[in-house]
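In what follows, a single structure is set out as structure tokens and then discussed.
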Amino acid sequence: MSAVGSARVSPADLVVTGCTLLVHEEHEEHEEHEEHEEHEEHEQGGQGGQGDRIGFREEAALVVRGGLIDAVTTAAAAREIPAVERIEARGQVALPGLINCHTHAPMVALRGLAEDLPTEEWFNDVVWPVETNLTERDVELGARLACAEMIRGGVTCFADHYFHMDTVAVVVAECGLRAHLGETYFSSQGPEGRERSLAFALRRRGAADGRITTALAPHAPYTVTDADLTATAELARAHGLPVHIHAAENRDQTDTSLARHGRTPVEVLHRTGLLDTDLLIAHGTGIVERDLPLLARTGGRTAVATAPRDYLKFAWPTTTPVRALRAAGVPVGLATDGAASNNSLDVWEAMALTSLIQKSTEGDPRWLTSRQALHHATLQSARAVGLGDRVGTLAPGRRADIVLVDLTGPHTQPVHDLAATLVHSARAADVRTTIVDGRVLMRDRELLTLDVPAVVRELTARLPALTARGHGRRIQAYDT
């Protein structure tokens with residue numbers, strides 16, 4: 001725990017005091033330990049290791065200056081620190097802001113539009129026809145509504161993979177969130193699609209005072225040719241950009257890829273050079289045993305985002321193989337996917353479902369403990385989006401992305417095991433305050449940077465034109 005420097009004379013920008021603080025062990029802060037930790041997890045079959053290294057400190061305080069956590073101290077010591085703004089957080093738990101590692105934020109505009117359908121019909125009959133109607137204004141309104149939902153749910157950063165991303169970037173800059181953004185492209189768009197994705201990534205990299213990071217965003221191996229994937233890998237290396245892609249989303253995609261090309265989707269990523277870039281793979285429920293050695297020895301930083309509610313809703317037979325990926329040293333971050341499939345952007349639900357589904361899948365109630373789930377939701381998710389050195393833990397020098405969770409409700413009392421209460425009893429609605437870069441975006445459940453009623457009014461008026469499907473168009477065909 002860091003002490004407050006005695007030489008400080010100017011007031012802190014913000015002091016959060018009286019809370020219980022979620023902490024990661026000190027060695028988690030040092031990059032040189034990561035290789036050892038991954039090896040240790042492999043030796044333990046991915047059961048223990050870093051996921052158990054989460055603890056809690058009571059009567060703690062956070063001191064924020066210049067958007068950074070300047071010090072972690074005690075509530076008693078914090079009483080002597082002058083501050084421009086002070087939040088008394090007794091009865092609340094301070095966590096690193098949650099990270100939604102894969103979503104399509106503007107698709108909240110399609111929430112509930114395509115229900116109880118298999119994957120192929122969901123895409124071909126509803127979503128891809130509707131998306132031909134999208135305008136920049138639709139995307140802006142959807143993004144505003146999504147950002148409001150995420151702020152209220154304690155999400156401080158999200159990885160978005162969609163269209164009209166300049167518009168999403170503007171919304172992120174205005175509302176105060178952190179985001180990792182990529183402009184989606186398909187090979188059916190010709191070279192212009194890939195060029196737009198690159199131009200966006202270069203134009204917006206480091207925008208919003210550094211809160212926006214960017215990625216190249218090919219849609220998937222089944223919609224982007226090997227030649228385009230190879231070109232994407234070359235562009236990523238040339239420009240120092242990461243890549244965000246859907247791959248091996250489900251077992252059908254893996255089986256189809258093997259039948260058509262003799263390679264799994266992960267083997268396609270290897271063959272085209274994408275596994276030698278910093279790569280974020282969405283879903284991966286179709287990852288199979290033969291893929292794991294490739295994922296264990298990638299040339300870049302590879303991570304997988306899991307969105308378990310989707311897999312249940314689409315009745316996919318498998319889920320993301322979290323245990324095997326952890327044993328291979330691959331970080332797994334938590335995600336919701338878009339609200340058109342998930343119906344919400346609730347990372348709390350994703351955390352609980354990940355823990356429960358992994359226990360059931362592995363037949364092991366000791367696997368994916370509450371502490372491990374919290375580790376996936378915090379530091380592993382930060383690593384998955386390439387921000388492991390900036391966010392994901394509450395420690396001096398990290399960006400001040402903080403959420404305060406109220407556990408005084410009847411559904412969270414009594415508290416015998418604080419980690420279990422956070423994972424399996426707490427809800428998104430228990431988040432009281434959300435802070436990004438030291439700026440308070442929601443305080444005591446009041447949103448401070450977005451006008452939800454105005455957004456809903458305009459979006460509702462636009463829905464008939466947005467959701468029309470009689471035109472016979474669709475942006476792509478799902479045939480895998």
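Nothing fancy with the numbering, it's 1 onward along the sequence.
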Handout entry: E115 side chain to N343 side chain, donor-acceptor N/O pair below 3.5 angstrom
Key = yes

Practice task
Determine, step by step, whether L394 and I69 satisfy the side chain to side chain contact (heavy atoms under 4.5 Å, CB included) criterion, reporting the C-alpha distance in whole Å, the side-chain angles of both residues, the deciding distance to 0.1 Å, and the verdict.
Solution key: CA-CA 7 Å; L394 301 178; I69 297 173; 3.8 Å; yes

Problem - Exercise: identify the closest heavy-atom pair between A146 and V108 - result: CB-CG1, 3.8 Å

Problem - Any donor-acceptor N or O pair under 3.5 Å, side chains D430, H411 - result: yes

Practice task
Carefully, step by step, assess H376 and R371 under the rule side chain to side chain donor-acceptor pair (under 3.5 Å).
Solution key: CA-CA 9 Å; H376 282 280; R371 279 175 166 75; over 6 Å; no

Problem - Gap between atom CG of L459 and atom CG of L466 - 0.5 Å precision - result: 7.5 Å

Handout entry: Any T320 side-chain heavy atom under 4.5 Å of V304 side chain
Key = yes

Problem - For C175 against L441, the heavy-atom pair lying closest together - result: O-CD2, 3.4 Å

Practice task
Using a 4.5 Å cut-off on heavy atoms from C-beta on, say whether the side chain of L241 contacts that of T214.
Solution key: yes

Practice task
Answer yes if the side chains of S341 and D310 hold a donor-acceptor pair under 3.5 Å, and no otherwise.
Solution key: yes

Practice task
Give a yes or no answer on whether the side chain of R383 reaches the backbone of G388 with a donor-acceptor pair at less than 3.5 Å.
Solution key: no

Exercise for the section: Drop me the distance from M442's CE to L450's CG, to the nearest 0.5 angstrom. Expected result: 11.5 Å

Practice task
Taking the side chain as every heavy atom from C-beta outward, state whether L279 and R301 have any atom pair closer than 4.5 Å.
Solution key: no

Practice task
Supply the atom-to-atom distance L98 CG to M150 CE, rounded to the nearest 0.5 angstrom.
Solution key: 11.5 Å

Practice task
Return yes when atom CD of E80 has more than 12 non-hydrogen atoms of other residues, nucleotides or ligands closer than 6.0 Å, and no otherwise.
Solution key: no

Handout entry: Distance-only donor-acceptor check, side chains T336 and N100, under 3.5 Å
Key = yes

Problem - Close side-chain approach of E85 and V440, heavy atoms under 4.5 Å - result: yes

Practice task
List in chain and number order the residues that pass side-chain hydrogen bond (donor to acceptor under 3.5 Å, both in side chains) with E140, two or more places apart in sequence or in another chain; answer none if no residue qualifies.
Solution key: R137, R144

Fill in the blank from the handout: OG1 of T306 to CD1 of I281, rounded to nearest 0.5 Å, is 12.5 Å

Handout entry: Validation row: H424, L356 side chains within 4.5 angstrom (heavy atoms)
Key = yes

Handout entry: Heavy-atom side-chain proximity of I87 to L14 below 4.5 angstrom
Key = yes

Problem - Side chain K359, main chain D364, donor-acceptor under 3.5 Å - result: no

Exercise for the section: Would you kindly say whether H219 and T184 are connected by a side-chain donor-acceptor distance under 3.5 Å? Expected result: no

Exercise for the section: Give a yes or no answer on whether the side chain of S197 reaches the backbone of A217 with a donor-acceptor pair at less than 3.5 Å. Expected result: yes

Practice task
Verify the distance criterion only: is there a donor paired with an acceptor across the side chains of D337 and H104 at less than 3.5 Å?
Solution key: yes

Completion exercise
Output for pair (L177 CG, T434 OG1), nearest 0.5 Å, gives 8.5 Å

Handout entry: Minimal non-hydrogen separation, L145 against V456, with atom names
Key = CD1-CG2, 3.9 Å

Practice task
Before accepting this row, confirm whether a basic side-chain N of the pair R203/D166 lies closer than 4.0 Å to the acidic partner's carboxylate O.
Solution key: yes

Practice task
Heavy atoms only: give me the nearest L62-A94 pair and the separation to one decimal.
Solution key: CD1-CB, 4.3 Å

Problem - Shortest non-hydrogen contact between R439 and G176, atoms and distance - result: NH1-CA, 3.8 Å

Practice task
To the nearest 0.5 Å, tell me how far T408 OG1 sits from Q92 CD.
Solution key: 8.0 Å

Handout entry: ring-ring contact (aromatic ring centres under 6.0 Å, His included) contacts touching residues 312-363 (sequence neighbours left out)
Key = W122-F314, Y311-W316, F314-W316

Problem - Nearest atoms (heavy-atom pairs only) where G153 meets A428 - result: CA-CB, 3.9 Å

Practice task
Report, as yes or no, whether the 6.0 Å neighbourhood of atom CZ on R462 holds more than 12 heavy atoms from other residues, nucleotides or ligands.
Solution key: yes

Handout entry: Check against side chain to side chain contact (heavy atoms under 4.5 Å, CB included), R211 and D437
Key = CA-CA 8 Å; R211 296 195 319 277; D437 256 5; 3.5 Å; yes

Problem - Min side-chain heavy-atom separation R178-V391 under 4.5 Å - result: yes

Problem - Geometric class of the H246/H161 ring pair [parallel <30°, tilted 30-60°, perpendicular >60°] - result: perpendicular

Handout entry: Expected output: side-chain E149 to main-chain L345 donor-acceptor under 3.5 Å
Key = yes

Exercise for the section: Verify the neighbour count for atom CG of D209: are there more than 12 heavy atoms of other residues, nucleotides or ligands below 6.0 Å? Expected result: no

Exercise for the section: Indicate whether any N or O donor in one side chain lies under 3.5 Å from an N or O acceptor in the other, for H375 and H24. Expected result: no

Exercise for the section: Kindly say whether M165 contributes a backbone atom to a donor-acceptor pair with the side chain of E183 at under 3.5 angstrom? Expected result: yes

Practice task
Give the intermediate values and the outcome of side chain to side chain contact (heavy atoms under 4.5 Å, CB included) for residues T17 and E88.
Solution key: CA-CA 5 Å; T17 186; E88 298 293 338; 3.2 Å; yes

Exercise for the section: Take F158 and C147, measure what side chain to side chain contact (heavy atoms under 4.5 Å, CB included) needs, and give me the verdict at the end. Expected result: CA-CA 9 Å; F158 66 102; C147 287; 4.0 Å; yes

Problem - Atom CD of E458: over 12 foreign heavy atoms under 6.0 Å - result: yes

Problem - S355 side chain to L368 backbone, donor-acceptor under 3.5 Å - result: yes

Handout entry: Main-chain N/O of A395 paired with T393 side-chain donor or acceptor, under 3.5 Å
Key = no

Handout entry: Side-chain donor/acceptor of S425 to backbone N/O of T412, under 3.5 Å
Key = no

Practice task
Report yes or no: does T421 contribute a side-chain atom to a donor-acceptor pair with the main-chain N or O of D417 at less than 3.5 Å?
Solution key: yes

Handout entry: Close side-chain approach of V243 to P218, heavy-atom, < 4.5 Å
Key = yes

Handout entry: Side-chain (Q380) to main-chain (V332) donor-acceptor, under 3.5 angstrom
Key = yes

